Trainee: 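Quick one: this structure, given as structure tokens, is what I'll be asking you about.
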Amino acid sequence: MSKPLRYVNAIAQALSDAMAADPSVMLFGEDVAAAGGPFKATRGLLDTHGPERVRDTPISEASIVGAAVGAALTGMRPVVEIMFMDFVALAMDAVVNQAAKARFMFGGQCSVPMVLRTPHGGGLNAGPQHSQCLEAWFAHIPGLRVVCPATVADAYSLLRASIEAPDPVVFVENKALYALQGDLDVDAPRGIGKARIDRPGRHATIVTYGATLYAARAAADRLAQDGVEAEIVDLRWIQPWDEEAVFASVAKTHRVVIAHEAVQAFGVGAEIAARIASDLFDELDAPVLRVGAPFMPIPFAKSLEAAYLPDADRIVAAVKDTLA
Amino acid sequence: MSKPLRYVNAIAQALSDAMAADPSVMLFGEDVAAAGGPFKATRGLLDTHGPERVRDTPISEASIVGAAVGAALTGMRPVVEIMFMDFVALAMDAVVNQAAKARFMFGGQCSVPMVLRTPHGGGLNAGPQHSQCLEAWFAHIPGLRVVCPATVADAYSLLRASIEAPDPVVFVENKALYALQGDLDVDAPRGIGKARIDRPGRHATIVTYGATLYAARAAADRLAQDGVEAEIVDLRWIQPWDEEAVFASVAKTHRVVIAHEAVQAFGVGAEIAARIASDLFDELDAPVLRVGAPFMPIPFAKSLEAAYLPDADRIVAAVKDTLA
Amino acid sequence: MPSSAPRNDPFPPDRLLALHRTMQLIRATETTLSKLFADSEIPGFIHLSVGQEAVAAGVIGALAPQDTFATTHRGHGHVLARGVALDLFFKEIMGRAGGICGGRGGSMHVADLTLGVLGANGIVGAGLPLATGSALAHQTRRSGGVAVAFFGDGAMAEGALHECLNMAALWRLPMVFVCENNGWSEFSPTSRQFAATLDKLGAAFGIPHRQVDGNDLAAVAQAATEVVEAARSDGPRILECITTRWHGHFEGDPQRYRNADEIAGLPENDPLRRSAEALLAAGIEEQDLAALVASVDSDIAVALEAARADALPDFDAAFRDVYTPTTLTAGA
Amino acid sequence: MPSSAPRNDPFPPDRLLALHRTMQLIRATETTLSKLFADSEIPGFIHLSVGQEAVAAGVIGALAPQDTFATTHRGHGHVLARGVALDLFFKEIMGRAGGICGGRGGSMHVADLTLGVLGANGIVGAGLPLATGSALAHQTRRSGGVAVAFFGDGAMAEGALHECLNMAALWRLPMVFVCENNGWSEFSPTSRQFAATLDKLGAAFGIPHRQVDGNDLAAVAQAATEVVEAARSDGPRILECITTRWHGHFEGDPQRYRNADEIAGLPENDPLRRSAEALLAAGIEEQDLAALVASVDSDIAVALEAARADALPDFDAAFRDVYTPTTLTAGA
Ligand SMILES: Cc1ncc(C[n+]2csc(CCOP(=O)(O)OP(=O)(O)O)c2C)c(N)n1
Ligand SMILES: Cc1ncc(C[n+]2csc(CCOP(=O)(O)OP(=O)(O)O)c2C)c(N)n1
Ligand SMILES: [Mg+2]
Ligand SMILES: [Mg+2]
């Protein structure tokens with residue numbers, strides 16, 4: 001069962017299907033109901049599922065997420081939207097001190113089945129406060145799951161999995177991907193924590209997630225012209241990340257580059273690099289290299305942002321470095 | 001010029017001396033004035049420096065830190081206290097979206113000379129919402145500096161340096177160290193970004209910061225009994241961290257363990273391990289190992305917390321692993 | 001301070017006696033904990049609600065089984081009033097395996113989801129959004145339930161109050177905001193912490209506010225009953241209980257910041273003494289009250305003994321509870 | 001809607017003419033930006049203040065040189081009114097090297113610290129604590145300055161408003177909370193976003209509130225002058241300006257959520273038309289107004305030309321500005 005549509009519509013479809021499948025699923029967030037969402041990811045849901053289950057909230061990020069925790073503790077499966085990932089800075093207490101810990105600190109009495117959807121990433125010249133990739137913060141917090149789908153199919157099935165998951169999930173969308181077109185498979189198996197081999201190869205591994213997948217693909221295409229077959233591992237899940245898949249690929253290629261849009265220093269790639277470098281110490285023929293954003297806030301100007309974002313050039317150069 | 005006192009008094013002294021030296025330094029936070037601070041780190045300052053410059057605030061973390069940014073932009077050098085590091089979750093917008101970015105996103109027009117003091121760490125059975133070590137969040141954010149003094153002398157001189165620094169500093173105290181006694185050298189040189197070789201050694205390097213220094217020292221003592229000379233690098237600064245000092249040590253010992261109290265996964269050690277593993281690829285005789293907290297919230301019960309916190313045993317075992 | 005609304009339907013003595021027993025249970029438990037803490041039998045830090053028992057007994061007594069509430073760092077009383085198993089409670093505070101939260105949370109995180117207790121909370125003000133979300137769940141599920149948010153006067157300064165008053169008002173949530181106004185926020189008096197008053201804030205959001213003498217059990221019980229039922233049928237309400245904190249902010253706090261007169265005057269407002277007098281006046285016998293004290297003491301002794309005998313928590317078991325088991329982790 | 005306080009001291013025509021020019025500058029600049037945006041000469045997204053010019057001109061006109069303010073995502077007007085160099089402004093919005101912020105911030109982050117402008121802000125409500133902190137700085141330094149926080153009606157729902165009203169009231173900060181109430185929060189009307197009213201919130205915190213017709217230049221200017229001076233000598237004030245947003249929430253927003261009547265009715269309340277009429281009635285000549293329009297247009301043409309000719313920003317220069325140069329990095 002497959003039909004082509006946009007990433008943003010795959011999100012809407014997953015939300016709608018999840019609401020149809022489970023009456024405890026509800027949505028709330030700023031302008032998600034009447035207006036169908038600032039990026040139209042919730043378009044039509046108010047009409048289909050009614051004003052009790054699809055609600056516009058005031059501009060109160062901290063309490064939107066806190067209310068999701070309270071609702072999740074008492075019988076609902078809320079999906080809330082934070083309009084830009086930068087704004088999660090206003091809601092960290094609810095995510096980290098409440099949602100992530102409730103099950104553990106209450107002795108396993110309960111679960112907190114909620115999803116926080118939020119778009120990260122640049123490419124829209126939205127500037128320093130509307131473009132950040134902050135997933136590393138959440139990956140560091142026990143009790144949370146973090147996922148970042150790169151394809152239309154994954155946008156659907158990973159969102160369905162996130163909503164079905166018993167524990168809180170930070171579901172990171174990349175706003176530059178909203179217009180991406182692709183095929184949907186609503187019956188694809190759904191799960192937590194599995195990466196996807198996006199492209200097989202034997203000379204080097206590129207581990208990536210989110211929109212950087214497309215830079216990795218472009219890089220792999222160019223490398224292929226030079227006879228280098230790069231294997232691309234699309235992580236999908238950042239917490240937990242798929243050690244098995246990553247390690248298997250690296251054990252095969254012995255060379256690895258980790259690429260993501262977030263700031264490189266203390267980013268998601270650091271953990272993965274550290275684990276590969278220690279656990280596969282004897283397998284590596286070259287240092288684990290990382291490609292991420294430089295250590296500066298993401299700038300507004302088109303020219304600056306273009307220079308800032310990790311791209312295929314940098315991935316190609318890094319892969320070549322590991323082969324040198 | 002040296003006199004013995006407690007870590008917490010070194011903080012108070014640094015604050016007092018900084019206020020005496022510079023009339024633009026001011027303090028505010030919850031119960032920091034009349035009560036002298038929940039941990040007494042600001043004791044006596046209200047009397048010495050007066051109610052205009054030493055202020056009790058209401059319980060409003062987000063606006064305390066936000067107000068510090070506004071004050072720092074318009075002529076003051078505020079030092080604010082967030083009572084437990086867990087509560088910075090309420091103030092992340094001010095730190096990350098405002099303080100960290102103002103200089104950059106305003107084109108270098110201004111600086112934001114403020115310090116956010118906050119205690120992290122376990123050992124007091126304060127439970128899952130009063131013990132977290134969240135410094136990795138801040139280390140990931142361009143524009144911030146992050147420091148974590150482990151000794152009484154550093155508590156003083158790094159706080160003076162942080163207050164003198166032109167950019168926002170997250171100054172992380174470890175509450176289990178407040179009662180620690182040591183010598184003060186008020187004239188010690190002050191700077192940003194330099195690590196300290198706490199103990200020289202030639203067989204392996206232990207990179208650490210904060211209270212874990214003491215576990216590292218205990219580990220080094222025990223290793224010494226087995227003839228293993230471990231070099232301890234006390235990072236002090238996490239952002240920027242002292243690559244030169246760390247790399248020099250590892251280039252000498254060829255084996256390294258990174259130990260900290262924070263959760264290991266996606267923690268500060270990940271970045272340092274990733275960098276060592278890539279930049280010193282040919283120097284390493286063993287995988288870079290990390291010792292950090294397990295991937296669970298910090299538990300309350302004494303027995304659980306004791307098992308949770310990284311200790312000398314685990315550091316000894318890791319160092320031995322690198323030597324195996 | 002009298003209730004601001006007229007008291008039409010005073011609670012009958014037998015109902016008050018049951019609530020009085022709840023107060024006695026809280027008082028005796030807190031006093032026991034105070035001793036245990038002084039004797040180093042309790043790790044971490046604890047915030048006791050001695051002096052505030054009437055709020056817990058009166059408000060919790062007004063709740064229906066399906067109702068839910070989120071409480072604060074000073075939450076023992078609420079949880080005890082709701083009927084948490086006493087041995088599981090002691091085990092939790094003392095960090096034992098059999099604690100209601102497996103010893104992982106301790107005093108600041110006592111929760112019992114089977115009773116609709118969304119937990120004490122170490123983050124001041126954090127219970128407000130939790131209760132708001134729970135009220136939203138009640139409304140959406142048409143459960144007929146009400147959610148209560150307990151918060152202190154100090155917590156009023158947190159932006160969460162404003163955000164949640166607004167959401168509750170906009171959505172007419174079945175929710176009661178219960179302020180336990182004990183005049184202190186740690187070591188600072190409310191007057192230096194908060195410039196507004198809750199009645200005026202309520203008026204700004206169109207949420208009816210009612211103030212009650214929080215040390216008068218019957219008054220709290222009566223007001224709470226009315227307010228909870230009003231919330232159930234008509235949307236959010238605020239109940240402000242003026243009460244008194246006897247102990248330090250946390251155990252071990254010498255309260256140097258409080259003047260001697262204030263401390264000396266506390267017993268005068270003792271909610272237990274006042275309710276005992278009222279009960280006696282209403283015909284309850286001295287010996288019934290004495291029996292009640294003895295029965296509470298014996299319950300506590302049993303629970304404490306069980307707690308002391310209980311094992312320490314298992315680390316691996318704790319680790320397994322970070323996430324909920326699910327087949328999804330084997331998936332796709 | 002008339003000012004709630006009597007207008008004793010109407011602004012003289014020459015003063016109003018200067019403010020009218022400011023409005024004209026804002027209107028023409030915003031209109032130019034709208035075209036540039038449609039022509040893809042501006043990256044990112046921009047929020048225009050067409051229809052709200054009287055608030056910017058009137059409030060900023062009331063400030064003294066030492067005063068400071070924090071503004072919002074819809075902040076062009078305030079910054080222009082304060083006198084930011086027009087070419088540096090255009091360069092910024094267009095992402096050029098010579099922009100006031102080096103092209104790193106763009107529309108949502110225009111700032112000019114030399115003029116006491118603490119920046120537009122991409123985070124709704126974030127200007128409130130910044131202005132509070134700046135007011136604290138004024139008070140502590142005895143600068144004689146006042147800090148202004150601009151915020152929209154939608155921002156009223158953020159907890160920051162509550163926290164900052166409280167701090168300002170407790171400390172009697174020299175601060176003015178200026179709400180630009182345009183009735184819309186993105187695509188939602190205020191009535192579905194906020195259950196309280198600002199006057200009652202002010203009353204709760206003991207902060208005097210004044211509401212003014214935000215499309216009446218003289219009324220805003222008069223009220224702002226009084227309120228700013230009151231804040232300077234006597235502590236915090238709230239000024240609520242009822243105004244109208246003509247364009248979409250951001251450029252490109254087709255405003256389907258707005259009914260046709262509302263949009264059709266906007267010009268009737270046009271602050272520029274109203275002030276032009278008032279000026280003509282007060283004896284200013286048609287040709288003076290025409291000259292003013294021409295002079296603004298020519299200023300804009302010059303600035304725009306300079307912006308178009310300006311280089312793109314240098315990446316390395318940007319990178320060097322993440323931190324302030326300091327000898328401390330060589331230290332210890
Ligand atoms: C977000 C947050 N800030 C600060 C604290 C520290 N703290 C714990 S209790 C308290 C005072 C609370 O006062 P109030 O709400 O009146 O409750 P009471 O202690 O009087 O019951 C403070 C500041 C905290 N736990 N959480
Ligand atoms: C913290 C935060 N939440 C949400 C947004 C998205 N957003 C930008 S403007 C806006 C509406 C603001 O409405 P209002 O304050 O009335 O200002 P107006 O746009 O009407 O000038 C929203 C929700 C944001 N930028 N920041
Ligand atoms: Mg209190
Ligand atoms: Mg508006």
Side-chain angles (χ1 to χ4, degrees), chain A residues 61-62 86-98 100-101 104-105 127-129 132 134 136-143 238-240 258 262-282 284 286-290 293-297 299-300, chain B residues 61-62 86-98 100-101 104-105 127-129 132 134 136-143 238-240 258 262-282 284 286-290 293-297 299-300:
Chain A
E61 286 76 10
D86 315 69
F87 311 164
V88 296
L90 291 155
M92 292 303 286
D93 178 65
V95 184
V96 168
N97 290 329
Q98 313 298 331
K101 295 178 176 39
F104 175 84
M105 77 185 168
Q129 291 175 339
Q132 291 168 89
L134 299 171
W137 286 1
F138 300 102
H140 187 41
I141 303 301
I238 293 165
Q239 185 57 263
I258 303 164
V263 165
Q264 177 173 317
F266 299 91
V268 164
E271 175 68 22
I272 295 167
R275 286 295 308 284
I276 295 172
S278 71
D279 292 27
L280 300 186
F281 188 71
D282 296 323
L284 287 173
V288 181
L289 295 187
R290 287 179 288 157
F295 204 60
M296 73 186 237
F300 155 70
Chain B
E61 286 76 10
D86 315 69
F87 311 163
V88 296
L90 292 154
M92 292 304 285
D93 178 65
V95 183
V96 168
N97 290 330
Q98 313 299 330
K101 297 179 175 35
F104 175 84
M105 77 185 167
Q129 291 176 338
Q132 291 167 90
L134 299 171
W137 286 0
F138 301 101
H140 187 42
I141 303 300
I238 294 165
Q239 184 58 266
I258 303 165
V263 166
Q264 178 173 316
F266 299 90
V268 164
E271 174 68 20
I272 295 167
R275 287 293 309 284
I276 294 172
S278 72
D279 292 27
L280 300 186
F281 188 71
D282 295 323
L284 287 173
V288 180
L289 296 186
R290 286 179 288 157
F295 204 61
M296 73 185 237
F300 155 70

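Remember, it's a predicted structure, so these values are computed and weren't measured experimentally. In what follows, chains are A, B, ... by sequence order, proteins preceding strands, each numbered from 1.
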Trainee: To the closest 0.5 Å, what do you measure between NE2 (A:His140) and CG (B:Leu134)?
Mentor: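 Separation between the atoms: 6.5 Å.
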
Trainee: What residue in A:Ile272, A:Asp279, A:Leu90, A:Asp93 has the most heavy-atom pairs under 4.5 Å with chain B?
Mentor: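 Top count of heavy-atom pairs under 4.5 Å with chain B: A:Asp93.
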
Trainee: Measure across B:Ala270 and A:Ala274 and return the closest heavy-atom pair with its distance rounded to 0.1 Å.
Mentor: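 Residues B:Ala270 and A:Ala274, closest heavy atoms: O-CB, 3.7 Å.
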
Trainee: Under a 3.5 Å distance rule, please check whether A:Asn97 uses its side chain to pair with a backbone N or O of B:Asp86 as donor and acceptor.
Mentor: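 It does hold such a pair.
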
Trainee: Go through B:Phe87, B:Phe300, B:Phe104 and name the one with the most non-hydrogen pairs under 4.5 angstrom from chain A.
Mentor: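 Highest number of heavy-atom pairs under 4.5 Å: B:Phe104.
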
Trainee: Would you mind checking which part of B:Ala286 comes under 4.5 Å of any heavy atom in chain A, side chain (CB onward), backbone (N, CA, C, O), both or neither?
Mentor: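 Answer is backbone: N, CA, C or O of B:Ala286 sit under 4.5 Å from chain A.
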
Trainee: Is chain B contacted by the side chain of A:Val88, its backbone, both, or neither, given a heavy-atom distance below 4.5 Å?
Mentor: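 The answer is neither part of A:Val88.
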
Trainee: Under 4.5 Å from any heavy atom of chain B, what part of A:Ile238 do you find: side chain, backbone, both or neither?
Mentor: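 For A:Ile238, the contact with chain B is made by backbone and side chain together.
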
Trainee: What part of A:Val263 lies closer than 4.5 angstrom to a heavy atom of chain B: side chain, backbone, both or neither?
Mentor: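 Answer is both: backbone and side chain atoms of A:Val263 are under 4.5 Å from chain B.
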
Trainee: Select one option (side chain, backbone, both, neither) describing which atoms of A:Gln132 are under 4.5 Å from chain B's heavy atoms.
Mentor: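 Contact with chain B involves the side chain of A:Gln132 alone.
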
Trainee: Pick one of side chain, backbone, both or neither for A:Leu284, based on which atoms fall under 4.5 Å of a heavy atom in chain B.
Mentor: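 When you check distances to chain B, atoms from both the backbone and side chain of A:Leu284 fall under 4.5 Å.
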
Trainee: Can you say whether B:Arg275 sits under 4.5 Å from chain A via the side chain, the backbone, both, or neither, judging by heavy atoms?
Mentor: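 The answer is both parts of B:Arg275.
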
Trainee: Which residues pass the side-chain contact (heavy atoms from CB on, under 4.5 Å) test with A:Gln239, sequence neighbours left out?
Mentor: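 For A:Gln239 the side-chain contact (heavy atoms from CB on, under 4.5 Å) partners, ignoring immediate neighbours, are A:Ala139, A:Val146, B:Phe266, B:Phe295, C:Tyr323.
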
Trainee: If you take all heavy atoms of A:Lys101 and B:Pro128, which pair is closest and at what distance?
Mentor: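 Reported closest heavy-atom pair: CE-O, 3.1 Å.
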
Trainee: What residue in A:Gly269, A:Ala265, A:Gly143 has the most heavy-atom pairs under 4.5 Å with chain B?
Mentor: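 Highest number of heavy-atom pairs under 4.5 Å: A:Ala265.
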
Trainee: Out of A:Leu289, A:Val268, A:Ile276, A:Val95, which one racks up the most heavy-atom pairs below 4.5 Å with chain B?
Mentor: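 Most heavy-atom pairs within the cutoff with chain B belong to A:Val268.
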
Trainee: Check whether B:Ile141 gets within reach of chain A through its side chain, its backbone, both or neither, counting any heavy atom under 4.5 Å.
Mentor: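 For B:Ile141, backbone and side chain are both near chain A.
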
Trainee: Do you know which of A:Met92, A:Met105, A:Glu271 has the most heavy-atom pairs under 4.5 Å to chain B?
Mentor: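 Among A:Met92, A:Met105, A:Glu271, the one with the most close pairs to chain B is A:Glu271.
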
Trainee: Measure across B:Ser278 and A:Val288 and return the closest heavy-atom pair with its distance rounded to 0.1 Å.
Mentor: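 Heavy-atom minimum between the residues: CB-O, 3.3 Å.
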
Trainee: Can you name the closest pair of heavy atoms from A:Ala277 and B:Ala277 and give their distance?
Mentor: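 Reported closest heavy-atom pair: CB-CB, 3.4 Å.
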
